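To keep things clear, I will list the structure first and then write my remarks on it.
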2 protein chains.
Amino acid sequence: MPNRKLLPCLFSLFLVMSVGLVQAASNERPKPRNVILIIGDGMDDHQITLARNYLAGAQGKVTLDEMAVRGSVQVLTVSDRDPNKAVYVGDSANTATAISTGTATSRMRIATSAQADKDLTTIVELATQQGFKTGIVTTDSVTGATPAAFASHVSLRFCKDPTQMTGAKVYDRIPFHCEPDMKRNGGAGSIAEQLAASDLDVLLGGGQKYFQHKGEDSSLTILEQAKANNFHLLTNSSELSKPQPDHKKLLGLFHEKVFPVQMMAEHERAAEQPDPSFLNYFHRYLGSVEFPEPATCVSNPAAQAVPTLKQMTTAALDKLSHNNDKGFFLMVESASIDKESHIRKPCGQIGELEQLLETVELARTFADTNPETLILVTADHGQAAQLVPDGSMYSALNVPVYSPGHIARVITPEGSVMAVNYATNTFVSEEHTGVNVPYFANRQLPEPLPTMLRQTELFNVMTGFMGIHTPQ
Amino acid sequence: MPNRKLLPCLFSLFLVMSVGLVQAASNERPKPRNVILIIGDGMDDHQITLARNYLAGAQGKVTLDEMAVRGSVQVLTVSDRDPNKAVYVGDSANTATAISTGTATSRMRIATSAQADKDLTTIVELATQQGFKTGIVTTDSVTGATPAAFASHVSLRFCKDPTQMTGAKVYDRIPFHCEPDMKRNGGAGSIAEQLAASDLDVLLGGGQKYFQHKGEDSSLTILEQAKANNFHLLTNSSELSKPQPDHKKLLGLFHEKVFPVQMMAEHERAAEQPDPSFLNYFHRYLGSVEFPEPATCVSNPAAQAVPTLKQMTTAALDKLSHNNDKGFFLMVESASIDKESHIRKPCGQIGELEQLLETVELARTFADTNPETLILVTADHGQAAQLVPDGSMYSALNVPVYSPGHIARVITPEGSVMAVNYATNTFVSEEHTGVNVPYFANRQLPEPLPTMLRQTELFNVMTGFMGIHTPQ
């Protein structure tokens, strides 16, 4: 029946011609091209599974599961001593730098190259130069490693304000300095000073304390410098939800440092070490073991003092898309998935991942009415938390089998218990891991996205989509 | 310039019409539709990252990274006591059952339902009934949980042969039985007996020992029963590479039990516990710690006694595609990624993942000349191994920070060291994890594959592609 064969062909011709005509029309007045990059700090597949089980149930789906494209990202880190040498586990500074500049660097570095310490141009800087608006939103201090790597350049992530450029110590123990980055040495100063002097249109997060210091060789505080650079200051949620002045850039500093998290276990419990009986000290197969009691997750009242990630992103999208024919680049970070995992608090991780999901949902709604919007969601690196059996798989053997690290047992709304293991070390803060992390995109591109990207290639995907010219 | 607009339209019309004509031609004589399901037991993203870093380097890609589609799979397990209750970590028995039957069940079960213990029809059985050829290839004993769940039904994975149906013990300690599955009770007997009686066209792997027993209420050994069921027996690699008899089914049993693995650390070293100094016993921040020496991976000479996964799969594809107009279902398992992770041997994990990659490459070559072939690669569940910093991220603090579990340090061919942490327990065998696992497909389907699938939905994808009718 040739007619039935011909029909789809004609229909296809119609479609192809329509697309051609629409393209012809749109070529005359191109739509603004926007990239919304959403980073879940430390959000590897374990974190997503924990959040899915808790928020949607084992059979459920979260908004990330509905994205059109999903792939994996190989996290890239190199040695500072030998930049040709691979290091298999990164930190938020070098991994954010890989994404923001397209260059792999060494741990602790903010948009500077390994060893040579050259400034690496970021997507925010390129976008600004080429007429796009730019914004950064985070639940961290805006001087945190992830936001900092998009709009500043220093050799060490710790150099957040002028008091930390020389003579300071990490953990009150390890001396460090960023002297070459000081203005007196021809540098651009601390992270906060660079952010205050930046061309960002929107910068929202925590970290008020870093802006209260006087700038290096200046009689103005960094906050005053920011205001002189046309930033309008917001400090609470109600200011954030009001209409913003058109001719001003937005600087929102809603907390002293990092935002308090949305969710926590009752009594703020973290994971605990299983408690073996006396006999078990003589041999690991003797005696018995007590596991921590299961915990319920509850809202953290302290979080009411700060806006949610979604509220901040709403304000950022309003500002960036207003009177904007060219488009924008916006980086949004849910920072404390990582931080809560470091301190072994699964309820906190889940609550911050929920914030990210709400923000992804918001971005998808924005993209519905702004079709030339690419939403990319990814993590910077893996984290320590592992979903393990609640009670060992070998418990029938009647020997005490348990984690040598810390265990939290979370009661899920569907009425089961998730056991989460933290055992990369016994320090106050767990290690990152080097696992490849997922990425998600809301749409396919003309050149389909590879199912696996090196972390530096995320930079190319974003600049390519926006049509940003990148230096060789 | 309307001509330049019209050209792509005409080209598209040409393309569309060509596809239409080709479809019209192919509709008259449909091509065989094949599914090659490749399972990496325990192959979560950590395992893939470890293998990628070792085999291709941190900047490299492995063949899985070149697949057209990548998504994630939510592993599904339920409680046997309450089948409506989610359990967040599975074992190979219930997770293989989810894939092979489309039904979530409880741990240890082989294609039987939680609590009710009803037999669940497998894709192998449905495919056979509907005229497809079927095959199973594994580096495990063919009676292992993953292969077993595709072609047999028992309440417990341990019931591999008639001696294990009643009065046996796991780990010489825990009594178990599968009495309702015994033939005398109206069951189908042990896993080995069911495989010997099956309609499989190809069954290749280890596990000779389970076939040497006499069948329940039979004067024949299970191997003799298999021969009586038209299986041609192969026991070594050279027999495998010869042309096989056309009219016989293939049973390859190349090892007593599980295959020896391809790769190991020098001196067969496993991960070791870091060795803290005496002072460190008094306080965790006192003293120092010695980490295990880095290890080089080498070939395991014992592996020469068995065929590779690729050799077995080559023979299986030859057999299944020969004189076959309808198509086939083939399940291939690289089993010891999981087993080596249980016993903390990263070189073993990497070597078995390399076997899987070689097999994926082979399958892709097969699909090049057999276009109606869907290759699906996935894992059944997550595993304990974590890629962690080689030396703590906090080592600059000069306090001994180290894993409370076991650490292996693998020297990679690119000259760096990968540290792998195993710390889900201190038992002889690590726990599984509940992380979602990746899936890969060689091609997109007419109805695009969701970027996240529940594990049971893999069954629907495969039966849907082959056009297999499934019971309600």
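The sequence lines fix the lettering, A, B, ..., with proteins before strands; numbering per chain opens at 1. Below, all heavy atoms of this structure are taken into account, side chains as well, without hydrogens, waters or symmetry copies. Keep in mind that this is a model prediction, so the values were computed, not measured.
- Both the backbone and the side chain of Ser72(B) come within contact range of chain A, with heavy atoms under 4.5 Å apart.
- Side chain of Thr451(A) to main chain of Met67(B): a donor-acceptor pair is present (N/O by atom type, distance under 3.5 Å, no hydrogens or angles).
- Between the side chain of Tyr88(B) and the backbone N or O of Asp390(A), no donor-acceptor pair lies under 3.5 Å.
- Judged by distance alone, the side chains of Thr49(B) and Asn436(A) do bring a donor and an acceptor atom under 3.5 Å apart.
- For chain B, the option among Gln455(A), Glu431(A), Lys85(A) with the highest count of heavy-atom pairs below 4.5 Å is Glu431(A).
- No side-chain donor-acceptor contact under 3.5 Å links Arg70(A) to the backbone of Arg70(B).
- Contact annotation for Val69(A): only backbone heavy atoms (N, CA, C, O) come within less than 4.5 Å of a heavy atom of chain B.
- Only the backbone of Glu430(B) comes within contact range of chain A, with at least one heavy atom under 4.5 Å from a heavy atom of that chain.
- The residue from Val435(B), Asp44(B), Thr433(B) that alone fulfils the side chain to side chain contact (heavy atoms under 4.5 Å, CB included) condition with Asp45(A) is Val435(B).
- Contact tally against chain B (heavy-atom pairs below 4.5 Å) for Arg173(A), Glu414(A), Arg107(A), Glu66(A): the top residue is Arg173(A).
- For chain A, the nearby part of Tyr285(B) is the side chain; its heavy atoms alone come within less than 4.5 Å.
- Proximity to chain A (any heavy atom under 4.5 Å) is shown, for Leu397(B), by both the backbone and the side chain.
- The contact between Gln386(B) and chain A is made entirely by side chain atoms (from C-beta outward), counting heavy-atom distances below 4.5 Å.
- Between chain A and the residues Met418(B), Gln47(B), Gln59(B), the largest count of heavy-atom pairs under 4.5 Å involves Gln59(B).
- Using a 4.5 Å cut-off between heavy atoms, Val78(B) does not touch chain A at all.
- The contact between Tyr171(B) and chain A is made entirely by side chain atoms (from C-beta outward), counting heavy-atom distances below 4.5 Å.
- Only the side chain of Val89(B) comes within less than 4.5 Å of a heavy atom of chain A; its backbone N, CA, C and O stay farther away.
- The aromatic rings of Tyr394(A) and Phe427(B) lie tilted to each other, with the angle between the two planes from 30° to 60°.
- A pairwise comparison of heavy atoms in Met452(B) and Arg52(A) identifies CE-NE, 3.2 Å as the closest pair.
- Of the two parts of Val75(B), neither the backbone nor the side chain holds a non-hydrogen atom closer than 4.5 Å to a non-hydrogen atom of chain A.
- When heavy atoms are compared at a cutoff of 4.5 Å, Ala419(B) does not approach chain A at all.
- In this structure, chain A has heavy atoms under 4.5 Å from both the backbone and the side chain of Val428(B).
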Asn53(B) vs Gln74(A), test: side-chain hydrogen bond (donor to acceptor under 3.5 Å, both in side chains). Steps then yes/no.
CA-CA 10 Å; Asn53(B) 287 340; Gln74(A) 171 79 345; 2.8 Å; yes
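- Of all heavy-atom pairs between Ser403(A) and Ala423(B), the closest is OG-O, 3.8 Å.
- Using a 4.5 Å cut-off between heavy atoms, Ser429(B) contacts chain A through both its backbone and its side chain.
- Counting heavy-atom pairs closer than 4.5 Å to chain A, the top-ranked of the candidates Gly405(B), Ser392(B), Gly415(B) is Ser392(B).
- Looking only at heavy-atom pairs under 4.5 Å with chain A, the residue among Ala396(B), Pro389(B), Ala86(B) that has the most is Pro389(B).
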